[in-house]
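Both ligands and their constituent atoms are indexed starting at 1 by order of listing. Keep in mind that what you see is a predicted model, and the values were worked out from it rather than measured. The figures that follow rest on heavy atoms only: side chains count, while hydrogens, waters and symmetry mates do not.
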Amino acid sequence: MLKVHIIKAFDGFTVNAAFEAPAGITAIFGPSGSGKTSVIRGVAGLLDCDTADVDLSGEQLGRLAPSKRKIGYVFQDARLFPHMTVLKNLRYGGTHDEAAVIAVLGLADLLDRYPASLSGGEKQRVALGRALMSAPEILLLDEPLSALDGPRKAEVLPYLEALRDQTDIPILYVSHDMGEVTRLARHIVVLDDGQVVLSGPLEDVLADPAAVPFLGVQDTGSVLTGRVVGHADDGLTKIETGAGALWVPGSVGRAGGMLRVRIPAQDVILSTSPPTGMSALNVLSVTIAELQRGVDAGVVVALRAGNDRLLARITKRSCDAMGLAEGMQVFAILKATAIAPDDVG
Ligand SMILES: Nc1ncnc2c1ncn2[C@@H]1O[C@H](COP(=O)(O)OP(=O)(O)OP(=O)(O)O)[C@@H](O)[C@H]1O
């Protein structure tokens with residue numbers, strides 16, 4: 001377990017952030033200027049902090065010089081040495097687990113190449129490999145995909161998933177892309193104005209209506225986990241979740257495997273009776289757990305189906321017209337096409 005408390009007073013802005021991160025990926029999420037980079041620079045020892053408690057399983061790293069902390073750091077841009085081949089770049093950090101790192105990041109065919117001949121996605125994979133070969137005890141990834149376009153991002157994401165599944169160290173992953181966070185992270189720390197406003201397991205934080213003001217309407221949505229039942233010929237994948245069967249676009253996952261699906265709250269429609277004659281493929285029977293009226297025209301409705309939780313965002317007008325109340329049984333309707341490919345993984 002990694003326990004962090006960073007305090008840094010800049011002129012006019014103070015970061016005061018305390019959180020815990022278990023093994024696996026913890027997303028550090030928040031709007032621009034909320035202090036995400038300052039926090040991870042503090043963890044790395046690259047920011048001269050007022051307080052920098054960095055406790056890794058009882059060992060206090062905050063007092064060590066940056067070079068002694070055994071931390072791997074990957075930035076938005078790969079920062080490779082242009083005059084060195086990929087292999088030399090990788091070995092610059094060390095040679096820890098070289099064969100396994102090359103395999104997990106798919107670097108075998110790139111070893112003799114120079115950075116100038118690599119795509120943006122390939123450069124980031126090399127940067128990740130270099131960080132891993134230094135045998136880090138903590139990995140810090142500062143928006144490693146943000147400089148890549150959509151297709152390059154999609155190319156690197158599976159490597160990050162493989163890396164996540166094959167390492168057992170805490171990985172702090174700075175991002176402001178909720179699709180990316182859902183695909184990769186199991187925990188999330190949400191920063192706002194230099195402070196931690198939410199933290200915990202991703203499913204819990206995202207399903208909490210109290211998170212809406214911090215995540216924003218666009219990023220409000222819950223995560224369902226389900227088993228892949230199969231892939232239909234018409235390009236859809238069926239997933240069995242605790243809340244019921246869900247069709248998502250594309251041929252994703254393998255039959256029998258587990259997938260997580262982010263369901264944006266604003267794409268969920270509620271109905272008090274079972275819908276008929278309708279194009280939407282996904283209809284889940286749910287119970288209203290909580291209604292939270294916002295300051296604007298919206299109401300966030302927290303829904304439960306067994307152990308699964310969903311959020312819907314509807315207008316106050318609809319909420320009143322339908323007479324929605326806590327404890328009511330309703331139907332949550334979702335178009336399969338409302339689920340973006342990045343939201344499934
Ligand atoms: N060296 C510095 N001197 C003064 N202020 C700074 C310094 N570094 C960061 N800040 C301020 O601290 C705040 C947080 O910056 P930080 O880069 O940590 O945010 P962020 O959440 O990572 O933002 P982004 O998503 O845009 O990268 C900003 O207001 C920034 O201007």
So, for L105 and R125, which heavy atoms are closest and what is the spacing to 0.1 Å?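 Between these two residues, the closest heavy atoms are O-NE, 3.0 Å.
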Between R262 and D219, what is the shortest heavy-atom contact and its length?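 That closest heavy-atom pairing would be NH1-O, 3.4 Å.
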Candidate pair Q266 and T220, rule side-chain hydrogen bond (donor to acceptor under 3.5 Å, both in side chains), full reasoning: CA-CA 8 Å; Q266 59 188 352; T220 292; over 6 Å; no
Give one line per pair: atom of ligand 1, protein atom, distance. Only N/O to N/O under 3.5 Å.
unit_1   : atom_1 : unit_2 : atom_2 : d
ligand 1 : 18 (O) : S38    : N      : 2.9
ligand 1 : 18 (O) : S38    : OG     : 2.5
ligand 1 : 19 (O) : G35    : N      : 3.2
ligand 1 : 21 (O) : G33    : N      : 3.4
ligand 1 : 21 (O) : S34    : N      : 3.1
ligand 1 : 21 (O) : S34    : OG     : 3.4
ligand 1 : 21 (O) : G35    : N      : 3.0
ligand 1 : 21 (O) : K36    : N      : 3.0
ligand 1 : 21 (O) : K36    : NZ     : 2.9
ligand 1 : 22 (O) : T37    : N      : 2.8
ligand 1 : 22 (O) : T37    : OG1    : 2.9
ligand 1 : 23 (O) : G33    : N      : 2.8
ligand 1 : 25 (O) : K36    : NZ     : 2.8
ligand 1 : 26 (O) : S32    : OG     : 2.6

For the CG atom of L310 and the OG1 atom of T287, what is their distance to the nearest 0.5 Å?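 The CG atom of L310 sits 11.0 Å away from the OG1 atom of T287.
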Would you find more than 12 non-hydrogen atoms of other residues, nucleotides or ligands less than 6.0 Å from Q329 atom CD?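 Yes - once you tally the heavy atoms of other residues, nucleotides and ligands closer than 6.0 Å, there are more than 12.
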Backbone N or O of L61 within a donor-acceptor pair of the K68 side chain at under 3.5 Å?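 Absent.
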